[in-house]
Novice: 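Can you read through this structure? Questions will come right after.
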Amino acid sequence: MSGSVNKVILIGNLGRDPEARSFPNGGKVVNLNIATSETWRDKNTGERKERTEWHKIAIFNEGLANIAEKYLRKDSKVCIEGKLETRKWQDQSGTDRYTTEIALRPFFGQLTLLDGRSQDDNRHDGKGYSSGSYQRPDVTAQRAARDLGDDEIPF
């Protein structure tokens, strides 16, 4: 195989508020923990079962980090796109440790806020942000085509 792909897409809920840290060089990282869950019925008992997986997210893209820090809170629903990265670090006793996380880096990463705005919740506006730029997740090609009419579709 001549090529490979390292891309992760998750839709889930934050387990706690984002944690921001600054680097001595002026950079920033925002860490998130996102839960994804699956449910099913046990065939033998009919009992409803659920399994939750926790995912570590590290946002190194400054624009996305600022958005996450400003608009996200515990239980926020998000869609993220990034890539798996494993990094090595040492704990306080000097033992080598490894952490695998989903990284959103400059020019590679997407963060879409999926919670809608309610009257009592002004934390965010339900808009998506990709590599620091704004995108409207509610506008689709079908909606655009419907709004333009068949004669005005540019493709």
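Everything quoted here is computed from the prediction, not taken from an experiment.
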Novice: Looking at OG1 of Thr99 and CZ of Arg87, how far apart are the two atoms once the value is rounded to the nearest 0.5 Å?
Specialist: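 Answer rounded to 0.5 Å: 5.0 Å.
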
Novice: Working to the nearest 0.5 angstrom, can you tell me the gap between Thr95 OG1 and Arg97 CZ?
Specialist: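 Going from OG1 on Thr95 over to CZ on Arg97, the span is 5.5 Å.
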
Novice: Apart from Trp89 itself, which Ile, Leu, Val, Met, Phe, Trp or Tyr residues share its cluster (side-chain heavy atoms under 4.5 Å, direct or through members)?
Specialist: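 So far as hydrophobic clustering goes, Trp89 is joined with none.
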
Novice: Check whether any side-chain heavy atom of Thr39 sits under 4.5 Å from a side-chain heavy atom of Arg48, and report yes or no.
Specialist: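 With C-beta onward as the side chain, the pair touches.
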
Novice: In this structure, are over 12 heavy atoms from other groups packed under 6.0 Å from Glu62 atom CD?
Specialist: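 Result for CD/Glu62: open.
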
Novice: With rounding to the nearest 0.5 Å, note down the distance linking CG in Asn61 to CZ in Phe108.
Specialist: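 Rounded to the nearest 0.5 Å, the CG-CZ separation comes out at 12.0 Å.
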
Novice: On a heavy-atom basis, which atom in Gly46 and which in Arg41 lie closest, and how many Å separate them?
Specialist: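 For Gly46 versus Arg41, the nearest heavy atoms are O-NH1, 3.1 Å.
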
Novice: So, for Asn13 and Asp75, which heavy atoms are closest and what is the spacing to 0.1 Å?
Specialist: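 Taking every non-hydrogen atom into account, ND2-O, 3.1 Å.
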
Novice: Is any side-chain heavy atom of Ile59 closer than 4.5 Å to a side-chain heavy atom of Ile67?
Specialist: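 Ile59 does not reach Ile67 side chain to side chain.
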
Novice: Please report the shortest heavy-atom distance between Leu114 and Cys79, naming the atom on each side.
Specialist: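 In terms of heavy atoms, the two residues are closest at CD1-N, 3.8 Å.
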
Novice: Do the non-hydrogen side-chain atoms of Gln110 and Thr112 ever get within less than 4.5 Å of each other?
Specialist: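 Yes, close enough: below the 4.5 Å cut-off.
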
Novice: Looking only at non-hydrogen atoms, find the nearest pair between Leu32 and Pro18 and report the distance.
Specialist: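 Heavy atoms of Leu32 and Pro18 come nearest at CD2-CB, 3.6 Å.
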
Novice: Looking at residues at least two apart in the chain, or sitting in another chain, which of them share a side-chain contact (heavy atoms from CB on, under 4.5 Å) with Ala58?
Specialist: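 Listed in chain order: Val29, Asn31, Phe60, Glu101.
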
Novice: Tell me which pairs pass salt bridge (charged side-chain N to carboxylate O under 4.0 Å, His left out) where either residue lies in residues 25-38, with sequence neighbours left out.
Specialist: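 Salt bridge (charged side-chain N to carboxylate O under 4.0 Å, His left out) check on residues 25-38 returns Lys28-Glu69, Glu38-Arg51.
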
Novice: Any idea which heavy atoms bring Thr52 and Ala35 closest together, and the distance?
Specialist: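 So the minimum-distance heavy-atom pair works out to CG2-CB, 3.8 Å.
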
Novice: May I have the step-by-step check of side chain to side chain contact (heavy atoms under 4.5 Å, CB included) for Lys83 and Glu85, ending in yes or no?
Specialist: CA-CA 6 Å; Lys83 58 183 179 176; Glu85 292 183 4; 3.4 Å; yes

Novice: For a quick test of reading the model, state the closest non-hydrogen atom pair linking Leu10 to Val8 and the distance between them.
Specialist: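 Heavy-atom minimum between the residues: CG-CG1, 3.9 Å.
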
Novice: To the nearest 0.5 angstrom, please state how far the CD1 atom of Ile9 sits from the CD1 atom of Ile80.
Specialist: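 Output value for this atom pair is 9.0 Å.
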
Novice: Among Val30, Asp17, Leu113, exactly one meets side-chain contact (heavy atoms from CB on, under 4.5 Å) together with Leu72. Which residue is that?
Specialist: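 Of the listed options, the one satisfying the test is Leu113.
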
Novice: Using 4.0 Å as the upper bound for N to carboxylate O, is an ion pair formed by Lys88 and Asp96?
Specialist: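 A salt bridge links Asp96 with Lys88.
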
Novice: Side chain to side chain contact (heavy atoms under 4.5 Å, CB included) between Thr36 and Ile11: does it pass, once the steps are laid out?
Specialist: CA-CA 7 Å; Thr36 56; Ile11 296 176; over 6 Å; no

Novice: Distance from Asn33 atom CG to Trp54 atom CH2, nearest 0.5 Å?
Specialist: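 Between Asn33 CG and Trp54 CH2, I get 6.5 Å after rounding to 0.5 Å.
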
